[in-house]
Amino acid sequence: MELATRVMRVTPSVTLMIDAKAKAMRAAGEDVCSFSAGEPDFDTPTHIREAAKAALDQGKTRYGPAAGEPALRQAIAEKLRNDNDLPYSAENILVTNGGKQSLFNLMLALINPGDEVIIPAPYWVSYPEMVHLASGTPVIVQTTAATGYRITAEQLEAAITPKTRLFVLNSPSNPTGMVYAPEEIRALAEVVVRHGLWVVSDEIYEKILYDDAQHLSIGAVSEAAFEHTIVSSGFAKAYAMTGWRVGYLAGAVDLIKATAKIQGHSTSNVCTFAQYGAIAALQGAQDCVAEMVTAFDQRRERMYTGISEIPQLRCLRPQGAFYLFVDISQTGLSSVEFCDRLLEEAKVATIPGKAFGMDDHIRLSYATDLNTIEKGLERLAKFVAKL
Ligand code: PLP
């Protein structure tokens, strides 16, 4: 069958292979330790669930405006003003089916065939594929552990061509757990403004920070930076709401109108009563977020110490999100071989770095309980020792 070139350029997910295998092993009764989850293992906090249940009972079960419930757009704008120093109003907000749809709609609204989109590697697995689906060209800029896997202003500048349209910035980062320092964000903003680029700042992990890491949105650096910034975020990670599918895009009114048009002809509004849960998430007490971050922090320490004690593995101490990005180059295996054998021989599920554009690394998620972390680390250490 002859398929559209658009879809032919999309790479099948290497993570799916490992995931399918781990699931099949579990179904067969095997005891698999999973470090592959990209989601908090907590339940959505009670007050958020209650708000969605009340919305159901109040009949919030019908079609709503494609751009989102006005009360949620307003609440998101207030959150961005108060938490992030970004002067948005409700009309600057599009409510989307998760952070994923917000980025996808943005690519469709902004990218013309051949436009270049600068993506630092390692990157979140879907960025390049979204650019492909929008008929754009991803321009991958490799970073290294020496800069904390963060793109420098010089690297960004060197990657810019007359075709560059957009730069994708993700801090805290999936898969590395690194957080850009405020002075690094300022330096990147200067390049973005000087070259008249757009930057999309994916801030979905902004609440999950450790030690003295600070989150600065690139749009808050200056009025000029704000004019060039689009923010993508969502409720999945901070409020353990992955299955709710609520996210948002914030940007200039024309852009938001364009993305609302796309959404109006594709998915329409996000599940109406789920949006009322999201309002409660923003307007309710934030202790639930702090409690989850405290638990993640404890697991981070255990996971980081455990990995640091394995001689052939190296990793940086994560500053945010819930991932550890581990350099496996000393083992001589590719990331797919390493993850495949680790699963097969030691029953530990991890994600190959190849999915994130770095084949000599693997990603471990510590969004799981401490017992699983202990057991998985022990198995991982034995596996590596035998290689
Ligand atoms: N951005 C990053 C960096 C992510 O890791 C994810 C999910 O894993 C998303 C966006 C999309 O999240 P969701 O669509 O679940 O809101």
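Just follow the structure's listing: the first ligand is 1, and inside any ligand the first atom is 1. Hydrogens, waters and symmetry mates play no part in the numbers below; they use all other heavy atoms, side chains included.
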Handout entry: Donor-acceptor contact below 3.5 Å, side chain H228 vs main chain L197
Key =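 Side chain of H228 to backbone of L197: a pair is present.
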
Hey, are [Y] and [X] close enough side-chain-wise for a donor-acceptor pair under 3.5 Å?
| X | Y | value |
| --- | --- | --- |
| N84 | E206 | yes |
| S34 | S36 | yes |
| D211 | Q319 | no |

Problem - Cluster companions of V253 among Ile, Leu, Val, Met, Phe, Trp, Tyr (side-chain spacing under 4.5 Å) - result: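 In the cluster with V253 there is nothing else; it is isolated.
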
Problem - Set of residues that line ligand 1, where lining means a heavy atom lies under 4.0 Å from it - result: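 Those residues closer than 4.0 Å to ligand 1 by some heavy atom are G98, G99, K100, W124, Y127, N170, N174, D202, I204, Y205, A236, K237, R245.
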
Practice task
Decide if atom CD of E378 counts as having more than 12 heavy atoms of other residues, nucleotides or ligands within a radius under 6.0 Å.
Solution key: no

